[in-house]
Peer 1: 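Let me give you the structure first, and then I'll get to my questions.
Computed from heavy atoms alone, side chains included, the values below leave out hydrogens, waters and symmetry copies. Chain A is the first sequence line, chain B the second, and so forth, proteins listed ahead of strands; every chain is numbered from 1.
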Amino acid sequence: MEDTELRLGLPGTDAPATRGCKRALPEDDKESHAKSSSSSSSSSEEDSGRRIDQETPAAKAQVVGWPPVRSYRKNSLQAGKDAAGLFVKVSMDGAPYLRKIDLKVYKGYKELREALDNMFRCFSPAGEVSKKEWWNGSDHAIAYEDKDGDLMLVGDVPWEMFICSCKKLRIMKASEARGLESRH
Amino acid sequence: MTYFPEEVVEHIFDFLGSHRDRNTVSTVCKAWYQVERLSRQHVFVGNCYAIRPERVMARFPRMKSLSVKGKPHFADFNLVPYDWGGYALPWIEAAARCCTGLEELRLKRMVVSDDGLELLARFFPNFKSLVLVSCDGFSTDGLASIATYCRGLRELDLQENEVDDHGCQWLNCFPDSCTSLVSLNFACLKGEVNAGALERLIARSPNLRSLKLNRAISVESLNKILSRAPHLVDLGTGSFAVDDRAEAYHRLMNCFTKCKTLRCMSGFGEASPCCLKALYPVCINLIVLNLSYAPAIPSDDLIKLICHCSNLQKLWVLDCIGDKGLAVVASTCKELQELRVFPSDIYGAGTTSVTEEGLVAVSSGCPKLNSVLYFCYQMTNSALITVAKNCPHFIRFRLCILDPGKPDPLTNQPLDEGFGAIVRSCKNLRRLSLSGLLTDQVFLFIGLYAKCLEMLSIAFAGNSDKGMIYVLDGCKNLRKLEIRDCPFGDGALLKNVEKYEAMRSLWMSSCEATLGGCKALAAKMPRLNVEIINESGNLVESKENLSDVNKMEKIYVYRSVAGPRNDAPEFVWTL
């Protein structure tokens, strides 16, 4: 299975991924050190989200059993985090004030977009565009600031990874957003 | 020694505290062996597969306390498959047949079943103390059996177990006649318990000294409990979710003021920064403080708390304490012996953390520091050299740099020199965990200097077989060696095979050892169990497909007089 995975690095190398990586590739680095063909059936709950850390300077890959923290402790921390909220500011270009939302209450991008739509609809130019058009990005796009301070387009990475790295949300005009997208 | 009658020899043996000393005296002569075995009360079995339970019971018929350990340490990090083994039932059954005088059972990393717990509860009339650490396989039904049938139960201590929640009734099963509890720890249980039943149980337990509640216990309940148990020494607070403006908060602070004997605290599962102030009345008396399960409390609030804790000997915190917070620990906690700093952010979303500075500060400020577990994002050789100079008395040093194979950020060099300084300076070091970028050189240092080392954990380190060979040849007291993701192969595995009989176990995963190497080892050393753990597909089928040059994903080698296990699952192959 590793052979068909997209990886950074030359074929045949299996060094740990320690390269900076802004765009998340579905890199299955937890087996990058496996020398024989064994998939780890003991991969724990946290690996199923296939999260890849995007902390500079290196992309820390999710390796099974690393860091060496007991599952009990990992689960407890997660339970604690689930209990606490994850509030981020949301700004919209042109709106007079910002809002704050708790990312933990949404299950995914669709719910988030709907919630933002409800919150900011009052700021859309009245009567000029229908709600559907406004939301489908013809007029606006949602971007977020990650922990490195970079402005990223919402929707590229898995949801769990997004909520870990999102510090601020920004609803921007589509014309500006095109500049972001073209950086692919 | 034939001058002394047996009673005298037995009395002399009473002064031998450690099981190792007792093991040693029992090898002197047959007479001593007999006296020793009939008088040994505490039996410790470090590896449940090293010996059959029946033999242990036969040798020590008057055993009162039994400790058994099951799965290898790396099972804590999901490296050992779920149903690998480590079953407690054979031990409980064997004891039920021969040693019904058993009073205390301590199990670590074992699979315990509700049936086993029921057997324990019913067949041992003097049973007093059950301690389960990192175990699984049982539910609250098993706990109900213990509560119901163990007359005179003194201790029920559940540490970090995975327990299935079958309801909260188990606590109600303690009969009204049960008044003997000294220690009750159910912090790891996820479900609710009946608060009223708990309060009544505590009210009729005048000897209760240690109580660790789970997250389900509210602060209101905690207040009631504390008012009935003011003589507690060790408290796990449960959720501790309270607003400092609430009535409950003021009552809590009031309760703490009355708890003059409180020395150890843990829990804080949902503590918010403001409610930590309620602890100020007890801080000066605390010697153990475990905040490592508290959600990320900002450094400044932790600092305000730590400032009051000048008698702390053991501190477990999350890395959100920051280097600044550790500097305060260094200047306040002059009695500190053990420090553990855990990562608050496993997936690296980049919140505040600690660096080498925090560790250096504590090493410099706390003269009694002898045990460290430190998770950080970076470490430098010069910091490690400084720490080594400041703390020559380390017995445990475990450093985990979260980025595997990361070099010294200042020099881009491996951390060989830093760890080398640690082992050179800390002559009594018994346990060491390495991380960061490391070459064979660090193992040369370890083999040369770490003469007291008993346990070594290695990950993503070394260049060649030489690394592992240095360790096996040099560390005379090595008992446990666990290795993952290192380039050590058959050359290292087979260089010093006799060594493994002097050790408890060797674990190697994601290394370079092959099936051929493992077979050679098993052939040379019949008193070792060489287990291959191969999870990909059905091992029985793939055994034919495996050639000697295939690298083995997980190898577990341990000395045993019991022969190959008879309870191994399909994916475990004992050569």
Peer 1: Please give me the minimum heavy-atom distance between A/V63 and B/F460, naming the atom from each residue.
Peer 2: CG1-CZ, 3.9 Å

Peer 1: Would you compute the distance between atom CH2 of A/W66 and atom CG of B/L402 and round it to the nearest 0.5 angstrom?
Peer 2: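 Answer rounded to 0.5 Å: 8.0 Å.
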
Peer 1: Select one option (side chain, backbone, both, neither) describing which atoms of B/R398 are under 4.5 Å from chain A's heavy atoms.
Peer 2: neither

Peer 1: If you take all heavy atoms of B/F375 and A/P67, which pair is closest and at what distance?
Peer 2: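 Minimum heavy-atom contact is CE2-CB, 4.2 Å.
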
Peer 1: Checking B/F74 against chain A: side chain, backbone, both or neither under 4.5 Å from a heavy atom?
Peer 2: neither

Peer 1: So which heavy atom on B/N78 is nearest to which on A/V64, and how close?
Peer 2: O-CG1, 4.2 Å

Peer 1: Can you name the closest pair of heavy atoms from B/S134 and A/R70 and give their distance?
Peer 2: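 Taking every non-hydrogen atom into account, OG-NH1, 3.3 Å.
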
Peer 1: With a 4.5 angstrom heavy-atom cut-off, is it the side chain or the backbone of B/A459 that approaches chain A, or both, or neither?
Peer 2: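 B/A459 touches chain A through side-chain heavy atoms alone.
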
Peer 1: Under 4.5 Å from any heavy atom of chain A, what part of B/I401 do you find: side chain, backbone, both or neither?
Peer 2: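 The backbone, not the side chain.
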
Peer 1: For B/A271, is it the side chain, the backbone, both, or neither that has a heavy atom closer than 4.5 Å to a heavy atom of chain A?
Peer 2: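 Answer is neither: B/A271 stays 4.5 Å or more from chain A.
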
Peer 1: I need the B/F77 CZ to A/K74 NZ distance, nearest 0.5 Å.
Peer 2: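 Going from the CZ atom of B/F77 to the NZ atom of A/K74 covers 9.0 Å.
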
Peer 1: With rounding to the nearest 0.5 angstrom, report the CZ to CG distance, A/R73 to B/D76.
Peer 2: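 It is 11.0 Å, given to the nearest 0.5 Å.
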
